Participant: 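Can you read through this structure? Questions will come right after.
Please read all numbers here as calculations on a predicted model, not as lab measurements. These values consider heavy atoms only, across backbone and side chains, with no hydrogens, waters or symmetry-generated copies. Note that the numbering runs from 1 along the sequence shown for the chain.
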Amino acid sequence: MISPELAARIRRLHFAEHWKVGTICSELSVHHDTVRRALTLERVSGTGVKSVRPTLLDAYKGFIQATLEAHPRLTAMRLFHMVKARGYVGGPLQVRRYVRTVRPTSRAEAFLRRSTLAGEEAQVDWGHFGTLPVGNTRRPLCCFVMVLGHSRALYARFFLDMTLESFLKGHVLAFQALGGVPRALLYDNLKSVVLERAGDAIRFHPRLLELAGHYHFAPKPCAPYRGNEKGKVERTIRYLRDSFFAARTFSGVDDLNAQAARWAAEVAHARQLPGDVTGRTVATALEEERPRLLPLPAHPFPTDVVRPVASGKTPYVRFDSNDYSIPHTLVKKPLTLVASETRVRVLDGSQEVASHPRCFEKGRTLEQPGHLAALADAKARAHELRGRDLLRASCQQAEGFLAALAQRDVSLSHHTAQLLKLLTLHGARALDEALAEALRKGAVSAPAVAHLLEQRARRQRQPPPLTVVLPDDPRIAASRTRPHSLADYDRLLNKDSADDDSTR
């Protein structure tokens, strides 16, 4: 690079004094290429020496400038693809350099400071605090936050989800904790608040409108992309994250909420009111604001989950990835499920038919012993009837034997159950012969048939039958299996023996 002073001196010596190039090189101790370069310059300016050369981007600079004026945030790569589609054959580097020089500079937007009258407004939002292990499951840990705009008093409640019911419950608990209801609540454009929005035309969620009608407040969603309108609640969430949640240990969500309530009373409300020059605390400002809040209604707004449910073939209804038992007589019948944070209830009309503790794990099955016992009893009665049919189908003498038992003053179900055990242990052929012999001797009872089978086994020197030990689960103990005839295997054995004799 030739300095402007050196270039001017070389040109003066050559053009005004008519020195030769070699003389100038010797006098100024510079290379002859430097002298020639200074002599070929078209102009010399005080800001530097520049030569303007045409580039491939020149034809598209006007288009780039016009596009950036309409879309100032458009990226250089997007502009490169746009000019490339219009015939530009150069690379993206030249586009990036040019965009850097002509992009309109953004101006910082100024906002008015929002002041709120006592009892006039509160701001509401969710805060995300990672996940929390619950048994075999990790649940999202979310915090519902409401802050009064005048006193900066806050209410924070942690939940294991961000459902509409948790959102509504957060409102109810916040109104109770703050001692009243502000006249307006300012929200972000949450799905729990706004279903549709087109400019100023807003369709609110019907459940939120029910809540607003119950507590007499006006819901106000802030304008899109205007986070400054609810800056108080956003700063409160950041304050909650830094001052309360950071490095805190807790055993569960209930313990965390108890600690949050103590922190709000002892720390958050004990601090000096932001922006106040008189030294008042947030707690003092809250006491002054409470008379300006709307009074609480006589009854809190119901926030339980209410939904229609129906079971499949098994007596269970599914809720939140878990199965809850119901009476077996209500299978496939439309029911109503009502779930709170602690209980899950199932209603048949207005009658409660099942109640379980709420489980926040996933993939669990919660059962009431009474539901299983009733199902087992019903299965036992059905098995008893099916057991008699099984005896009749397996043994020809079973019909006459059961008829003779019915004429006696004995428990038919008890004897049927014992005969089914004998059928399983000894087989249909042996039991049928024992039934016939018991009828001939007039010994019509299951113990008599068992005695005849034992005598027959001893005569044939057969090993004693083994009893199968099953678990105590009534669903397994009440199950029945039908024995099958082994005559096909006997025929196969006889055929193999005949083939062996023929080959000898």
Participant: Say whether, by atom type as modelled, one donor and one acceptor occur between the side chain of Thr236 and the main chain of Lys232 under 3.5 angstrom.
Facilitator: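 Here the side-chain-to-backbone pair exists.
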Participant: Return yes if some donor-acceptor pair links the side-chain N/O of Arg358 with the main-chain N/O of Ser340 below 3.5 Å, else return no.
Facilitator: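 Such a contact is found between Arg358 side chain and Ser340 backbone.
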Participant: Taking the side chain as every heavy atom from C-beta outward, state whether Ser151 and Glu288 have any atom pair closer than 4.5 Å.
Facilitator: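 Not touching, per the 4.5 Å side-chain cut-off.
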Participant: Between Lys169 and Asp304, is there a salt bridge with N-O shorter than 4.0 Å?
Facilitator: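 No salt bridge links Asp304 with Lys169.
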Participant: Atom OG1 of Thr284 and atom CG of Asp276: how far apart are they, to the nearest 0.5 Å?
Facilitator: 9.5 Å
Participant: If you count heavy atoms of other groups shown closer than 6.0 angstrom to CZ of Arg78, is the number above 12?
Facilitator: no
Participant: Looking only at heavy atoms, which two atoms of Phe159 and Ser166 are closest? And how far apart?
Facilitator: CZ-O, 3.6 Å
Participant: Any side-chain donor paired with an acceptor under 3.5 Å for His414 and Gln418?
Facilitator: yes
Participant: Looking at His128 versus Phe158, is the centre-to-centre ring distance below 6.0 Å?
Facilitator: no
Participant: If we only count heavy atoms from C-beta on, is the Asn322 to Phe360 side-chain gap below 4.5 Å?
Facilitator: no
Participant: Whether the Tyr316 and Glu367 side chains hold a donor-acceptor pair (N or O, under 3.5 Å, no angle test) is what I'd like checked.
Facilitator: yes
Participant: Does one side chain, of Gln368 or His371, offer a donor that lies under 3.5 Å from an acceptor on the other?
Facilitator: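 Per modelled atom types, Gln368 and His371 side chains form a pair under 3.5 Å.
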Participant: Applying salt bridge (Lys or Arg N to Asp or Glu O under 4.0 Å) to Arg456 and Glu437, what does each step give before you reach the verdict?
Facilitator: CA-CA 11 Å; Arg456 178 176 178 273; Glu437 186 176 353; over 6 Å; no
Participant: Please step through salt bridge (Lys or Arg N to Asp or Glu O under 4.0 Å) for the pair Arg139 and Asp161, ending with a clear verdict.
Facilitator: CA-CA 7 Å; Arg139 287 274 187 173; Asp161 54 40; 5.2 Å; no
Participant: Above 12 or not: heavy atoms from other molecules or residues under 6.0 Å from CD of Gln396?
Facilitator: no
Participant: Please report the closest heavy-atom contact between Leu154 and Ala264, naming both atoms and the distance.
Facilitator: CD1-CB, 4.2 Å
Participant: When rounded to the nearest 0.5 angstrom, what is the spacing between CE in Met146 and CG in Leu173?
Facilitator: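 Separation between the atoms: 10.0 Å.
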Participant: Can you list the steps and then say if Glu121 with His150 is a side chain to side chain contact (heavy atoms under 4.5 Å, CB included)?
Facilitator: CA-CA 8 Å; Glu121 182 185 273; His150 179 76; over 6 Å; no
Participant: Any heavy-atom pair between the side chains of Lys333 and Asp348 that's under 4.5 Å?
Facilitator: yes
Participant: Any side-chain heavy atom of Cys143 sitting closer than 4.5 Å to one from Arg157?
Facilitator: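 No - every pair of side-chain heavy atoms lies 4.5 Å or more apart.
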Participant: Taking side chain as C-beta onward, heavy atoms only, is Leu148 less than 4.5 Å from Leu286?
Facilitator: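 They are in contact (side-chain heavy atoms under 4.5 Å apart), so the answer is yes.
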Participant: Closest approach of Val344 and Ala339, non-hydrogen atoms and distance?
Facilitator: CG2-CB, 4.1 Å
Participant: Using 4.0 Å as the upper bound for N to carboxylate O, is an ion pair formed by Glu361 and Arg364?
Facilitator: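 So Arg364 pairs with Glu361 through a salt bridge.
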Participant: Do Phe144 and His171 have their ring centres less than 6.0 Å from each other?
Facilitator: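 Ring-ring flag for Phe144/His171: true, centres closer than 6.0 Å.
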Participant: Residues in side-chain hydrogen bond (donor to acceptor under 3.5 Å, both in side chains) with Arg458, at least two apart?
Facilitator: none
Participant: Any pair with a residue in residues 241-250 that passes side chain to side chain donor-acceptor pair (under 3.5 Å), sequence neighbours left out, goes on the list, sorted by first then second residue, please.
Facilitator: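 For residues 241-250: Ser243-Trp263, Arg248-Gln259.
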Participant: Do His71 side-chain atoms and Arg73 backbone N/O form a donor-acceptor pair below 3.5 Å?
Facilitator: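 No.
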Participant: With heavy-atom distances below 4.5 Å as the criterion, would you say the side chains of Thr336 and Val338 are in contact?
Facilitator: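 With C-beta onward as the side chain, the pair touches.
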Participant: For the residue pair Arg235 and Tyr239, would you count it as a cation-pi contact if the rule is NZ or CZ under 6.0 angstrom from the ring centre and within 45 degrees of the ring axis?
Facilitator: no
Participant: Keeping Thr137 on the side-chain end and Lys362 on the backbone end, is there a donor-acceptor pair under 3.5 Å?
Facilitator: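 Confirmed, Thr137 side chain pairs with Lys362 backbone.
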Participant: Show, in sequence, the C-alpha distance, side-chain angles and deciding distance for Val181 and Leu296, and conclude whether the side chain to side chain contact (heavy atoms under 4.5 Å, CB included) test is met.
Facilitator: CA-CA 7 Å; Val181 183; Leu296 294 172; 3.9 Å; yes
Participant: Any ion pair linking Glu120 and Lys220 (charged N to carboxylate O, less than 4.0 Å)?
Facilitator: no
Participant: Can you confirm whether Tyr187 sits close enough to Gln123 that some side-chain heavy atom of one is under 4.5 Å from a side-chain heavy atom of the other?
Facilitator: no
Participant: Consider only side-chain N and O atoms of Arg345 and Ser355, and report whether a donor and an acceptor are under 3.5 Å apart.
Facilitator: no
Participant: Without swapping roles, check the side chain of His216 against the backbone of Arg183 for a donor-acceptor pair under 3.5 Å.
Facilitator: no
Participant: Donor-acceptor pair, Tyr215 side chain versus Phe301 backbone, under 3.5 Å?
Facilitator: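 Checked: pair present.
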Participant: What pair of heavy atoms forms the shortest contact from Gly127 to Phe129, and how long is it?
Facilitator: O-CD1, 3.5 Å
Participant: Hey, does the side chain of His214 reach the backbone of His299 with a donor-acceptor pair shorter than 3.5 angstrom?
Facilitator: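 Between the backbone of His299 and the side chain of His214 there is a qualifying donor-acceptor contact (under 3.5 Å).
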Participant: Could you give me the CA-CA distance, side-chain angles and deciding distance for Arg271 and Thr281, then say whether side-chain hydrogen bond (donor to acceptor under 3.5 Å, both in side chains) is met?
Facilitator: CA-CA 6 Å; Arg271 76 188 192 276; Thr281 64; over 6 Å; no
Participant: So which atom in Ala430 and which in His426 form the shortest heavy-atom distance, rounded to 0.1 Å?
Facilitator: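 Minimum heavy-atom contact is CB-O, 3.6 Å.
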Participant: Rounded to the nearest 0.5 Å, how far does CG of Leu168 lie from CG of Leu208?
Facilitator: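 If I round to the nearest 0.5 Å, the distance is 7.0 Å.
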Participant: Under 4.0 Å between a Lys/Arg side-chain N and an Asp/Glu carboxylate O for Arg429 and Glu433?
Facilitator: no
Participant: For Thr131 and Leu141: C-alpha separation, side-chain torsions, deciding distance, then whether side chain to side chain contact (heavy atoms under 4.5 Å, CB included) applies.
Facilitator: CA-CA 5 Å; Thr131 59; Leu141 184 61; 6.0 Å; no
Participant: Where do Ala434 and Leu453 come nearest, in terms of heavy atoms and distance?
Facilitator: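 In this case the closest contact between Ala434 and Leu453 is CB-CD2, 3.6 Å.
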Participant: Tell me whether the rings of Phe319 and Tyr324 are parallel (<30°), tilted (30 to 60°) or perpendicular (>60°).
Facilitator: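 Tilted: the ring planes of Phe319 and Tyr324 meet at 30° to 60°.
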Participant: Taking only residues two or more places apart in sequence or in another chain, which ones pass side-chain hydrogen bond (donor to acceptor under 3.5 Å, both in side chains) with Ser321?
Facilitator: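 None.
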Participant: Within the structure provided, determine whether Met162 and Phe167 are in side-chain contact (heavy-atom separation under 4.5 Å).
Facilitator: no
Participant: Parallel, tilted or perpendicular for Phe250 and Phe245, by the 30°/60° rule?
Facilitator: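 Phe250 and Phe245: tilted rings.
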Participant: Please evaluate residues Arg292 and Glu289 with respect to the criterion salt bridge (Lys or Arg N to Asp or Glu O under 4.0 Å), reporting the C-alpha separation (whole Å), side-chain torsions for both, the decisive distance (0.1 Å), and the verdict.
Facilitator: CA-CA 5 Å; Arg292 301 293 182 181; Glu289 187 176 14; over 6 Å; no
Participant: Output the distance between atom CZ (Phe217) and atom CG (Leu293), rounded to the nearest 0.5 Å.
Facilitator: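 Rounded to the nearest 0.5 Å, the CZ-CG separation comes to 13.0 Å.
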Participant: For Thr416 and Leu402, what are the C-alpha separation, side-chain angles and deciding distance, and is it a side chain to side chain contact (heavy atoms under 4.5 Å, CB included)?
Facilitator: CA-CA 8 Å; Thr416 301; Leu402 291 174; 4.2 Å; yes
Participant: Quick one: does any side-chain atom of Asp432 pair with a main-chain N or O of Ala428 as donor and acceptor, under 3.5 Å?
Facilitator: no
Participant: Please round to the nearest 0.5 Å and tell me the distance separating atom OG of Ser311 and atom CG of Leu335.
Facilitator: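 One gets 7.0 Å once the value is rounded to the nearest 0.5 Å.
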